[in-house]
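Below is one structure; the comments refer to it alone.
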Amino acid sequence: MNSKVRMLIFVLCVTGVCVFWREYMSPYSLPKQKPCACDKCLSEEDPWFTQRFDKSVEPFLSANYSVSEEAFNWWKLLQAERRNFSTYRKTVNGLFQIFPPAPDVVKSKPDRCRTCAVVGNSGNLRRSHYGLLIDYHDIIIRMNSAHTKGFEADVGSRTTHRIMYPESAVDLDNTTHLVLVPFKIQDLEWATKALTTGFSGRSYAPVKSKIKANKDLVMVVNPAFMRYVHDMWLAKKGRYPSTGFMAVVLALHICDEVSVFGYGADSDGNWSHYWEKLKYKNLKTGIHPGSHEYGIIEELAKQGKVRFYKGW
Ligand code: C5P
């Protein structure tokens with residue numbers, strides 16, 4: 001080895017030792033940069049959370065993402081899908097002829113604090129006076145036919161994202177993201193048709209042929225994400241997660257700070273809504289593990305991962 005090479009190796013070793021010492025040993029070592037600008041960032045690690053939270057699962061479908069056949073096989077059982085994986089793939093490709101090829105998600109940054117309010121439909125929002133607090137968040141996620149008109153003092157008036165499926169769909173204004181939770185291939189077909197030529201299929205409940213929504217703000221929840229919520233967050237309890245519980249986990253993936261409002265059954269164990277008198281008193285929480293989901297949200301709050309506003 002000539003002396004120049006020896007010198008180079010020596011310099012590299014010294015530099016390595018210096019960098020290591022400055023980073024980890026020195027009293028002047030730089031503080032680790034926080035991943036977000038909130039007081040506390042969701043991604044900060046702790047065992048209970050990391051056992052469940054998997055950052056690598058894509059919350060939304062995009063043009064260059066493919067669901068595995070295994071995940072499709074789980075998903076197709078949710079509402080007895082009979083068509084095959086290749087039809088699913090063809091239909092998903094069709095989605096991105098009309099909708100944005102990548103979801104409109106604000107990325108995390110050290111100088112940014114993405115605050116989110118997830119607003120469920122529980123009757124406990126009545127007389128809660130949470131309206132101003134909810135509206136103060138950057139992202140406000142509501143579900144299905146959640147009403148705001150006439151309930152502003154309790155639930156706020158802004159909606160940046162509305163999570164829904166064909167049977168629960170309502171018209172949206174031009175600035176709200178339509179977040180489709182698909183439970184069958186027909187739901188994907190519905191999205192493209194309801195925003196263009198009109199949909200004429202049938203389902204277990206009436207489905208709107210057309211809806212008003214901004215097609216540039218459509219996002220579709222990834223079936224593999226739905227499976228992850230069921231497996232990792234609910235330990236496979238219930239048939240599959242409720243829309244509301246999926247919304248909470250979605251928020252953990254796209255926000256730095258999450259506040260949860262409007263979750264919790266009434267005193268008879270029914271999922272009643274804040275805007276109406278309950279019609280079907282024996283529906284309870286249906287196929288969803290309502291009390292288990294509620295327990296996980298409570299645990300998230302105990303672990304300091306969400307703020308849980310329980311209403312009255
Ligand atoms: O009834 P709906 O499915 O439209 O409500 C949206 C979500 O809000 C539910 O999926 C559930 O997670 C939550 N919810 C609740 N308690 C209620 C009503 C709804 O936790 N009383």
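Numbering of ligands and ligand atoms starts at 1, following listing order.
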### Query
Is M143 in polar range of ligand 1, meaning some N or O pair under 3.5 Å apart?
no
### Short N or O distance, Y263 and ligand 1, threshold 3.5 Å exclusive
no
### Query
Does G264, backbone or side chain, put an N or O under 3.5 Å from an N or O of ligand 1?
yes
#### Entry: Aromatic ring pairing F53/H253, orientation class (parallel under 30°, perpendicular over 60°, tilted between)
tilted
### Query
Does a donor on one side chain sit under 3.5 Å from an acceptor on the other, for N270 and S272?
no
### Query
Do the rings of F72 and F85 sit parallel, tilted or perpendicular, given the 30° and 60° boundaries?
tilted
### Query
Can you tell me the protein heavy atom closest to atom 10 (O) of ligand 1 and the distance?
G244 N, 3.0 Å
### Task
Specify the closest pair of heavy atoms between A169 and M164, including all atoms of both residues, with the distance to one decimal.
CA-SD, 3.8 Å
### Query
Taking atom types as modelled, is there a side-chain donor on Y228 or D54 under 3.5 Å from an acceptor on the other?
no
### Query
Tell me, which protein residue and heavy-atom name are nearest atom 12 (O) of ligand 1, and how many Å apart are they?
S242 OG, 3.0 Å
### Task
Run down the list P241, S272, G290 and name the one with the heavy atom closest to atom 18 (C) of ligand 1.
S272
### Task
May I ask you to identify the nearest protein heavy atom to atom 3 (O) of ligand 1, giving residue, atom name and distance to one decimal place in Å?
N144 ND2, 3.2 Å
### Query
So does R83 pair up with E189, basic N to acidic O under 4.0 Å?
yes
#### Entry: Audit row: F245, Y240, ring-ring contact (aromatic ring centres under 6.0 Å, His included) steps and yes/no
CA-CA 10 Å; F245 191 76; Y240 53 88; over 10 Å; no
## Note on the structure
In this structure, atom 6 (C) of ligand 1 is nearest to the protein heavy atom N121 ND2, 3.4 Å
### Summary
Numbered in order shown, the ligand 1 atoms found under 4.0 Å of a heavy atom of G120 are 8 (O)
### Query
If we only count N/O pairs under 3.5 Å, is E293 in contact with ligand 1?
no
### Task
Using a 4.0 Å heavy-atom threshold (strictly under), name the region of F245 that reaches ligand 1: side chain, backbone, both or neither.
backbone
### Message
Heavy-atom pairs closer than 4.0 Å: do any link ligand 1 to the side chain of H273, the backbone, both, or neither?
### Response
side chain
### For atom 17 (C) of ligand 1, closest protein heavy-atom neighbour
W271 CD1, 3.2 Å
### Summary
Residues K310 and E298: closest non-hydrogen pair is NZ-OE2, 2.6 Å
### Query
What is the ring orientation for H147 with W275, classed by angle as parallel under 30°, tilted 30 to 60°, or perpendicular over 60°?
parallel
